[in-house]
K.L.:
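Here it is: the structure, laid out below.
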Amino acid sequence: MKLEYSDVKKTAAKLKFRTKAFIHGKFVNAASGKTYVSLNPATGQPIAEIASCDGADVDLAVKAARHSFEQGVWSKRSPAERKHVLLKLADLLEKNLAEIALLDCLDAGKPITDCVTIDAPDTVHCFRWHAEAIDKEYEKVAPTSPGNVAMIVREPLGVIGAILPWNFPIQMGAWKLGPILATGNSVVVKPARQTSLSALRLAELAAEAGIPEGVLNVIPGNGSVIGAALCKHLDVDAAAFTGSTEVGRQLLHYSAESNLKRIVLELGGKNPQLVLEDAGDLDYIARQAVNCVFWNMGENCSSGSRLIVHRKLKDKLLARMLEVAKEWIVGDPLDPATKVGPMIEESHMNTVLGYIESGKSEGAKLVLGGGRTLKKTGGFFVEPTIFDEVKPSMRIAREEIFGPVLSVLTFDKEEEGIALANDTTYGLTASVYTQDLSRAHRVARALRAGTVSVNCFSEGDATTPFGGFKQSGFFGRDKSIFAHYQYTELKTVWMQLA
Ligand code: NDP
C-alpha cells in the first residue's frame, strides 16, 4: 500500500483520542479529576488532555485486576478460550492498523512509514504468536519412583504491573501484554506519559475482543507517582519494565521495600557494531550500519551507537555510510518520505544535543550533522550525526545517548575489537560482520550481549527472546516462549499413591 502525505494528514486530523484511564472495563476520569497535556513532538503543539492518575487510581486499578484474577474470569479460562480471545484482539488491531500506527506517529514522532510497516504489524503478529503458543505448551511429570506421581506445573503469577516506554509504545505494549495475558494474569499498564494514546485504544479493543472487565487496566500519568505506587503496591505480584537503567534500579528498591515482587527489566544499551577485517560487501554493511543507528531516531535500546571497525576498512566504510545517510530524510513524521522524526520531547532533544557538544569538546571529529534542525516547525529535531576518531573514554562512546548519534572507533586485532565491543556496562545487542563462518561463531560467543546478529542488524523475531546482559536487563526476556515462563510460578504437586 502506497501512503500519500495528504491522505495521512487528513486521516490524522480526524482521529478521535481515548484520554481517560481504563479501569474495570470502563473509561474513567482520574480520581482527582486532574489531566495533563500530551504534546506532538513534531510541532510542540498539544494533541490531547489525558487523565493524570495518582495513587488512588493505582489502588482502584489493582483492586479491579486482583478481583478479576481471584474470580478466575481469565486466569481459569481454558487455554483454548484465552487463545481465541487474544487472536480476536490481534484481528481487531489489524483491522484498526492505520489508526494504531497514526496514534504512535503523532504521540511519539515516529515516522508513519515505520509505524505502518513495522510497529503496528509487529504488534498484531506478537499477539498472534503468544495466543497461538497458549495451547501448544505441555507441562511435566517428574521421573519419580512408582509410588509417587509428581507434576510440575506453571500457574499465572497474579496481578502484574507493566510499565512501558515511549519509543515503541504499542509494540512494547504487545511485548509485555502478549505473554502476560497468554499465561492468565491480570494486568495494570502504565504507559509512558508522552505516549498513552495507543495503549488506551488497545484497552478498548481488548474489551471488544472479550478480555473480561478488570483483567486489563490502563492508567496514564506520571511515572514517579503511579509507576512507583504500582511497583510498591503490596497486591501486585510482579512488575515488567522497559526504560532507563536508572529507573530499573529504582524498581528493585521498590520491590525490596514492599513485597519482594518479581521485577523484569529491559533497560538501555550502548551496542557495538563490530566490523572485522574480512567483512563482506561494504555497501551492504553501510546500509545495515546506518539503519542500526538512525532507525527510530536512535531512540532505541538496541541502537548500534558504536561502530567498531577494523582500521583498514574504516575510511571506505565511513565514506559509503555518509552517502547512505543522505537518504535519511529528517521531517514531518506524517510524511511517508520521512525517515527521521523528532526527539520525544524538548528536554530529551537538549540531552542529545548536550552529548553532541561533549563529543566536539572531547576532541572527536564531527563528520555528519551535529545540531538541531527544522526549528521553525516547533518540533524537536536533531540531525543524524556521526563522529569519527572517537576514543573509548569519551562520553559519546560510553553513555547511552538515545538519539541519532554514531561514534566510530577503530581497532587492529580481533581481540582488541572484541574487547572494545565488550567495554561497556551494557549488554543488550551487538552486530558482527565477517565472511568467515568459524570466526562468526567464535566472536558471537565472545560478545557479551543478549542478542548478537551476524552480518546484519536484527532484534530477532517473535520466536526469539530479547533482553540484556549486565546492566541492560534483569531476570527476564521479552518475546518467545521464554517470556511466558517469567510471568508464571512453578508448582510441584507431589502425590503418594496408595
Ligand atoms: P524512564 O525510564 O524514566 O521511563 C520509562 C517508563 O518508566 C515510563 O513509563 C516512565 O513514566 C516510567 N517511570 C519513570 N519514573 C518511574 C519511577 N520512579 N517508578 C516507576 N516508573 C517510572 O525513561 P525516560 O523516558 O526518562 O528516558 C530517559 C532515558 O531512558 C532515555 O534517554 C533512554 O536512555 C532510556 N530509555 C530506554 C528505553 C529502552 O527501550 N530501554 C526506553 C525509554 C527510555 P513517565 O513517562 O511518566 O516518566
Side-chain angles (χ1 to χ4, degrees), residues 36 38-39 41 50-55 57-58 107-108 110 119 161-169 171-173 175-176 188-199 218-233 236 239-255 257-258 261 263-271 295-303 305 343-355 380 382 395-396 398-405 425-429 450-451 459 466-468 471-474 477-478:
Y36 70 92
S38 179
L39 296 182
I50 316 269
S52 183
C53 294
D54 62 20
D57 305 286
V58 173
D107 233 4
K110 292 169 69 82
D119 298 55
I163 300 181
L164 306 181
W166 41 260
N167 53 345
F168 293 88
Q171 208 180 349
M172 289 307 108
W175 282 21
K176 303 293 184 218
V188 178
V189 179
K190 201 302 247 188
R193 182 175 29 87
Q194 302 91 336
T195 55
S196 297
L197 297 175
S198 60
V218 179
I219 46 170
N222 194 316
S224 57
V225 178
I226 54 172
L230 196 54
C231 295
K232 288 182 194 169
H233 206 292
V236 172
F241 172 82
T242 295
S244 62
T245 298
E246 191 188 8
V247 173
R249 197 184 304 277
Q250 199 61 47
L251 261 55
L252 295 173
H253 285 291
Y254 298 151
S255 168
E257 285 163 18
S258 56
K261 60 176 65 60
I263 302 286
V264 180
L265 302 179
E266 201 273 276
L267 307 173
K270 190 70 189 173
N271 309 294
W295 175 53
N296 210 54
M297 294 71 77
E299 291 176 332
N300 180 12
C301 50
S302 62
S303 165
S305 54
M343 300 285 90
I344 186 69
E345 58 189 358
E346 189 169 14
S347 61
H348 185 57
M349 174 188 70
N350 289 331
T351 304
V352 173
L353 292 173
Y355 275 111
F380 313 124
V382 173
R395 282 183 67 208
I396 56 170
R398 307 211 69 78
E399 296 176 25
E400 182 177 48
I401 299 174
F402 231 60
V405 183
T425 54
Y426 294 109
L428 191 57
T429 62
T451 300
E459 295 177 349
F466 182 83
Q471 292 184 38
S472 287
F474 182 86
R477 292 290 185 267
D478 286 321

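Along the sequence shown, the residues carry numbers beginning at 1. We count ligands from 1, going down the list as the structure has it; atoms in each ligand are counted the same way.
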K.L.:
At a 4.0 Å threshold, what atoms of ligand 1 neighbour a non-hydrogen atom of Ala228?
P.N.:
19 (N), 20 (C)
K.L.:
Could you check, using the six-membered ring where one of them is a Trp, whether Trp175 and Phe168 have ring centers closer than 6.0 angstrom?
P.N.:
no
K.L.:
State whether the side chain of Tyr355 and the backbone N or O of Glu399 hold a donor-acceptor pair below 3.5 Å, judged by distance alone.
P.N.:
no
K.L.:
Counting from 1, what ligand 1 atoms have a heavy atom of Glu400 closer than 4.0 Å?
P.N.:
33 (C), 34 (O), 35 (C)
K.L.:
Would a distance-only check, ignoring hydrogens and angles, find a side-chain to backbone donor-acceptor pair under 3.5 Å from Ser303 to Glu299?
P.N.:
no
K.L.:
Can you tell me the protein heavy atom closest to atom 18 (N) of ligand 1 and the distance?
P.N.:
Tyr254 OH, 3.0 Å
K.L.:
Below 4.0 angstrom from a heavy atom of Gln194, which ligand 1 atoms are there? Numbered from 1 as shown, please.
P.N.:
46 (O)
K.L.:
Tell me if a side-chain donor or acceptor on Glu400 pairs with a main-chain N or O of Lys270 at a distance below 3.5 Å.
P.N.:
no
K.L.:
At a 4.0 Å threshold, what atoms of ligand 1 neighbour a non-hydrogen atom of Ser224?
P.N.:
15 (N), 16 (C), 17 (C), 18 (N)
K.L.:
I'd like to know if the side chain of Lys261 and the backbone of His233 have a donor-acceptor N/O pair within less than 3.5 Å.
P.N.:
yes
K.L.:
Does His348 reach the main-chain N or O of Phe402 with its side chain, forming a donor-acceptor pair under 3.5 Å?
P.N.:
yes
K.L.:
So is there a nitrogen or oxygen of Asn222 less than 3.5 Å from a nitrogen or oxygen in ligand 1?
P.N.:
no
K.L.:
Write out the residue and atom name of the closest protein heavy atom to atom 42 (C) of ligand 1, then the distance separating them to 0.1 Å.
P.N.:
Pro165 CB, 3.4 Å
K.L.:
Ignoring angles and geometry beyond distance, decide whether Gln250 reaches within less than 3.5 Å of ligand 1 through its nitrogen or oxygen atoms.
P.N.:
no
K.L.:
Please identify which atoms of ligand 1 are closer than 4.0 Å to at least one heavy atom of Ala192.
P.N.:
9 (O), 46 (O)
K.L.:
Could you name the option among Gly223, Gly403, Gly227 that has the heavy atom nearest to atom 17 (C) of ligand 1?
P.N.:
Gly223
K.L.:
Would you check the N or O atoms of Val247, main chain and side chain alike, for any that come under 3.5 Å of an N or O of ligand 1?
P.N.:
no
K.L.:
So which heavy atom in the protein is nearest atom 7 (O) of ligand 1, and how far is it from that ligand atom?
P.N.:
Phe241 CE1, 3.1 Å
K.L.:
Can you list the atoms of ligand 1 that are under 4.0 Å from a heavy atom of Thr242?
P.N.:
5 (C), 39 (C), 40 (O), 41 (N)
K.L.:
Of Leu39, Asn167, Asp107, Thr195, which is the lone residue that meets side-chain contact (heavy atoms from CB on, under 4.5 Å) with Ile344?
P.N.:
Thr195
K.L.:
Is a side-chain donor or acceptor of Lys190 paired with a backbone partner of Gly221 at a separation under 3.5 angstrom?
P.N.:
yes
